[in-house]
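Given the structure is predicted, the values throughout are model-derived calculations rather than measurements.
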Amino acid sequence: MTSIMTCRPVLLSALCCAILAGCKGTSPAQRTPVDLLVGANAAAVGATSVASGHLTIDFVRLAVSEASLGRGLQFGCIDCQGESATAAVPASILMVPLGGAPVLVATEQASPGTYTDAEIAVAPPGADVLRSVSDWTSGATIEVSGRFNGRAFHLPLAISGRFVEHLSSPVVVTGSSVAGEPVGVTVSLPVTSWFMLNGTALDPTNAAERAAIESNARRSFLPLTETAGEKEG
């Protein structure tokens, strides 16, 4: 998995394409660049407004700490022959519009293998990141902004974990793959589902319903340590 260590602008237009070191045991000619992106999925309701009409989610901000391709329980290089599969790339607090274009996190130089999953991890940002994002809520890893009954809300969530996306079309890299235009892989967070209970929109300005929103969001993520020790091939 790719560790993200320093600060980067929040908008896609200002993001730098960070290159992962990938598998040291595989020659560069055998790798294929894969863009890892994150989006906020509004497909469940078909629009940026939740079905009840009372809640509109505008965007989510994420303190992204890691991103990687993988398969099953293994993320990072599939065939690393015991060598390190990851490298440091710039960190970010990313702003992702709900239902809008996904935002680039990193570009992985994928070694030969079949990658069926992609993941991102969120964790509290470090001091170097916070120095350039003065309005970030202390302790938060996710912030959601929108309106409920016409009233603006800003909801910080303190959730550290990994979100895994199963790819409908696996990324297949062969030994004869030729590096060219990156393959795009998007991890889509089901943000609208966090704000729903039995088909009704939850009110983020109500303490009890806000707790239900956080519980919904937390269930979307796996613990950061769940696959510890299984990330290296």
Between Thr205 and Asp203: side-chain donor-acceptor atoms closer than 3.5 Å: yes
Glu165 side chain reached by Ser188 side chain, heavy atoms, under 4.5 Å: yes
Interatomic spacing from CG in Leu167 to CG in Asp117 - rounded to 0.5 Å: 6.0 Å
Leu98 and Thr192: CA distance, side-chain angles, deciding distance, side chain to side chain contact (heavy atoms under 4.5 Å, CB included) verdict: CA-CA 8 Å; Leu98 200 78; Thr192 53; 3.4 Å; yes
Distance-minimising heavy-atom pair for Arg61 and Val133: NH1-CG1, 3.7 Å
Value rounded to 0.5 Å, distance of CG in Leu69 from OG1 in Thr116: 9.5 Å
Phe221 CZ to Ile120 CD1 distance, which is reported to the nearest 0.5 Å: 6.0 Å
Side chains of Ile93 and Leu62 in contact at under 4.5 Å (non-hydrogen atoms): no
Side chain to side chain contact (heavy atoms under 4.5 Å, CB included) evaluation trace for Val96 with Phe59: CA-CA 6 Å; Val96 184; Phe59 62 85; over 6 Å; no
Test item: Ser111 and Val173 side chains (from C-beta on) under 4.5 Å apart, heavy atoms: no
Flag side-chain contact, heavy atom, 4.5 Å: Tyr115 against Pro170: no
Electrostatic pair Glu214:Arg218 at N-O distance under 4.0 angstrom: yes
Qualifying residue for side-chain contact (heavy atoms from CB on, under 4.5 Å) with Val105, from Val185, Leu94, Leu37: Leu94
Residue pair Trp194 / Ser220: nearest heavy atoms and the distance that separates them: NE1-OG, 2.9 Å
Heavy-atom closest pair, residues Val60 and Ala40: CG1-CB, 3.9 Å
Derivation and outcome, side chain to side chain contact (heavy atoms under 4.5 Å, CB included), residues Thr56 and Asp58: CA-CA 6 Å; Thr56 300; Asp58 297 323; 3.7 Å; yes
Gap separating the CG atom of Leu155 from the OG1 atom of Thr137, nearest 0.5 angstrom: 9.0 Å
Where Leu55 and Ala201 come nearest, the two heavy atoms and their spacing: CB-CB, 4.0 Å
Non-hydrogen atoms of His154 and Pro156 that approach each other most closely: O-CD, 3.4 Å
Arg147 CZ to Phe153 CZ distance, which is reported to the nearest 0.5 Å: 9.0 Å
Worked verdict on Thr200 versus Phe195 for side chain to side chain contact (heavy atoms under 4.5 Å, CB included): CA-CA 8 Å; Thr200 301; Phe195 288 77; over 6 Å; no
Check: Asp35/Thr107 side-chain N/O donor and acceptor closer than 3.5 Å: yes
Residues in side chain to side chain donor-acceptor pair (under 3.5 Å) contact with Thr186, at least two apart in sequence or another chain: none
Donor-acceptor contact present, side-chain Asn206 to main-chain Ala208, <3.5 Å: yes
Under 3.5 Å side-chain donor-acceptor pair for Thr32 and Gln109: no
Straight-line distance of Leu157 CG to Thr141 OG1, nearest 0.5 Å: 7.0 Å
Exercise: identify the closest heavy-atom pair between Gly139 and Pro124: O-CG, 4.5 Å
4.5 Å side-chain heavy-atom contact, Ser68 and Glu108: yes
